[in-house]
There are 2 protein chains.
Amino acid sequence: MRVAEFDREFVLRQAMLAFTQCGYAKTSMQKLTQVTGLHPGSLYAAFSNKKGVFLAAIEQYQTDKNQQFNAFFCNNAPVLPNLRAYLALVVTECLGGDSMKVCLLTKSITEVEGQDSQISKVLSDNLNAYEQAIAFQLNRAITQHEITPNRSAQQLARFFAMGLYGLRTYALTNNNAKDINQLADDLFSVISN
Amino acid sequence: MRVAEFDREFVLRQAMLAFTQCGYAKTSMQKLTQVTGLHPGSLYAAFSNKKGVFLAAIEQYQTDKNQQFNAFFCNNAPVLPNLRAYLALVVTECLGGDSMKVCLLTKSITEVEGQDSQISKVLSDNLNAYEQAIAFQLNRAITQHEITPNRSAQQLARFFAMGLYGLRTYALTNNNAKDINQLADDLFSVISN
DNA sequence: CCTTATCTTGAATGTACACTCAAGATAAGG
DNA sequence: CCTTATCTTGAGTGTACATTCAAGATAAGG
């Protein structure tokens with residue numbers, strides 16, 4: 001008996017980056033062997049096929065992003081400044097030149113919509129969970145009287161998620177820092193009023 | 001001397017639909033020959049290559065969408081109700097099952113970002129023109145005192161465009177009619193207050 | 001140290017792709 | 001009605017792809 005040698009997290013993070021940069025269709029197995037350092041046989045032994053690599057990479061992405069998000073709210077500070085700080089991170093990513101400019105989940109669901117319902121479901125489940133995480137924080141903000149909105153935390157979170165998806169797409173059409181920051185300010189003020 | 005037989009608009013609209021459904025990478029030339037009815041040689045004679053077909057299809061898309069948008073504002077009615085009616089159309093498209101659920105421009109720019117700068121530029125130019133068309137209408141609304149916003153028409157249009165991009169993406173994760181309508185209402189009230 | 005189960009290797013396979021091109025078809029100009 | 005430029009046809013070409021698999025390597029159990 002022999003144990004697998006490769007570092008699963010490293011492999012999936014590398015795959016994650018490749019899928020983010022090239023998209024699902026254009027990320028070839030050859031490219032995945034290059035960035036992961038694994039040979040085709042090993043990749044297929046571990047993940048069955050390209051779709052298996054993708055789904056595993058999505059899972060890793062979700063884990064990483066979830067941890068990143070929660071890190072903004074694990075202090076004892078009020079919710080809203082934390083949420084504003086998180087929004088500032090997204091703005092930084094939008095304005096940066098690297099692959100973090102786009103969200104792997106929204107990019108992928110846009111690509112595979114109507115082509116693979118299993119992948120679509122995984123992606124929408126993950127994005128719904130993201131919205132729920134935002135709703136949880138906004139609910140805390142309401143409970144702590146940081147905001148007294150005329151909408152539910154759920155509705156606010158939905159609007160905020162929509163805004164984030166739109167912000168990332170918009171930044172692809174206009175990468176002007178002032179404009180993106182303005183949009184983020186406007187989005188935040190809709191939530192925090 | 002012989003004149004081309006095929007109907008260019010028909011061909012490009014068919015190509016448009018294929019690209020919208022399958023994305024740029026996964027729309028094969030074989031599929032394009034099927035949906036257009038043209039043989040490979042004719043397609044290559046008319047548009048050089050796959051990228052040529054795509055760019056021509058984008059141009060047709062822009063023409064069609066521009067016409068559709070302007071049709072909402074060619075009456076003498078106030079701007080805001082017209083804009084609200086246009087937003088209702090987008091909501092209908094988002095909730096429908098066909099390929100109009102996604103915008104070819106935003107879908108494509110998300111896909112090819114970082115892969116083909118020429119295509120990216122064409123797409124962002126078109127999306128910027130879309131934003132300008134919205135800004136033009138909002139400017140009229142301000143001039144006619146339909147709204148007295150604390151932001152410029154430009155800024156409002158930017159936010160509205162961002163919202164539309166986000167709305168279409170969000171609808172892929174949650175196709176509940178009530179939620180999408182609520183988001184559209186919220187988006188519109190940000191603009192019209 | 002040998003067996004055996006498992007992992008690694010990378011060449012091989014069949015398919016699908018973008019694109020080409022030479023032969024055939026067709027209409028305008030003379 | 002013939003010439004000629006242009007369009008249409010669709011089989012053909014080379015490449016890149018996802019996937020397979022048999023041979024080699026390696027570690028745990030006895």
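Worth knowing before you read on, the calculation uses all heavy atoms, side chains too, and leaves out hydrogens, waters and symmetry mates. Chain letters run A, B, ... following the sequence lines, proteins first and then strands; every chain starts at 1.
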[X] [atom1] to [N] [atom2], straight-line distance once rounded to whole Å:
| X | N | atom1 | atom2 | result |
| --- | --- | --- | --- | --- |
| Phe54(A) | dA18(D) | CZ | P | 14 Å |
| Tyr44(A) | dC7(C) | OH | C1' | 18 Å |
| Asn49(A) | dC17(D) | CG | P | 17 Å |
| Phe47(B) | dC7(D) | CZ | C1' | 14 Å |
| Met29(A) | dT15(C) | CE | P | 19 Å |
| Gln34(B) | dA16(C) | CD | C1' | 13 Å |
| Leu43(B) | dC17(C) | CG | P | 15 Å |

Of all the choices, [options], which nucleotide is nearest to the side chain of [X] once you look at every atom?
| X | options | value |
| --- | --- | --- |
| Phe6(B) | dT19(D), dT8(C), dT8(D) | dT8(D) |
| Gln30(B) | dT20(D), dA18(C), dC17(C) | dC17(C) |
| Ser28(A) | dT19(D), dA18(C), dC17(D) | dC17(D) |

Paired with [N]: which nucleotide, if any, by Watson-Crick or G-U wobble criteria at under 3.5 Å for both distances?
| N | answer |
| --- | --- |
| dT9(D) | dA22(C) |
| dG30(C) | dC1(D) |
| dG14(D) | dC17(C) |

Using a strict cut-off of less than 4.0 Å between a Lys/Arg side-chain nitrogen and an Asp/Glu carboxylate oxygen, indicate whether [X] and [Y] qualify as a salt bridge.
| X | Y | value |
| --- | --- | --- |
| Arg84(B) | Asp185(B) | yes |
| Arg168(A) | Glu93(A) | yes |
| Asp186(A) | Arg158(B) | no |

Hey, which sits more toward the 5' end of DNA chain D by its nearest nucleotide, Lys26(A) or Pro40(A)?
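Result of the comparison: Lys26(A).
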If each of Gly41(A) and Tyr24(A) is mapped to the nucleotide of DNA chain D with the nearest heavy atom, which maps nearer the 5' terminus, i.e. the 5' end?
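Of the two residues, Tyr24(A) wins.
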Would you indicate what Thr27(A) reaches in the nucleic acid, counting non-hydrogen atoms under 4.0 angstrom: base, sugar-phosphate, or nothing?
sugar-phosphate
Just by modelled atom types, is the Leu80(B) backbone N or O under 3.5 Å from a matching donor or acceptor in the Glu146(B) side chain?
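Yes, because the side chain of Glu146(B) sits within donor-acceptor range (under 3.5 Å) of the backbone of Leu80(B).
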Hey, are Asp64(B) and Gln68(B) close enough side-chain-wise for a donor-acceptor pair under 3.5 Å?
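The criterion, which ignores hydrogens and geometry beyond distance, is not satisfied for Asp64(B) and Gln68(B).
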Closer than 4.0 Å, any side-chain N/O of Ser42(B) to the OP1 or OP2 of dT8(D)?
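Yes, such a contact exists.
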OP1 or OP2 of dT8(D) versus the side-chain N and O atoms of His39(B): is any pair under 4.0 Å?
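His39(B) to dT8(D) OP1/OP2: no side-chain N or O under 4.0 Å.
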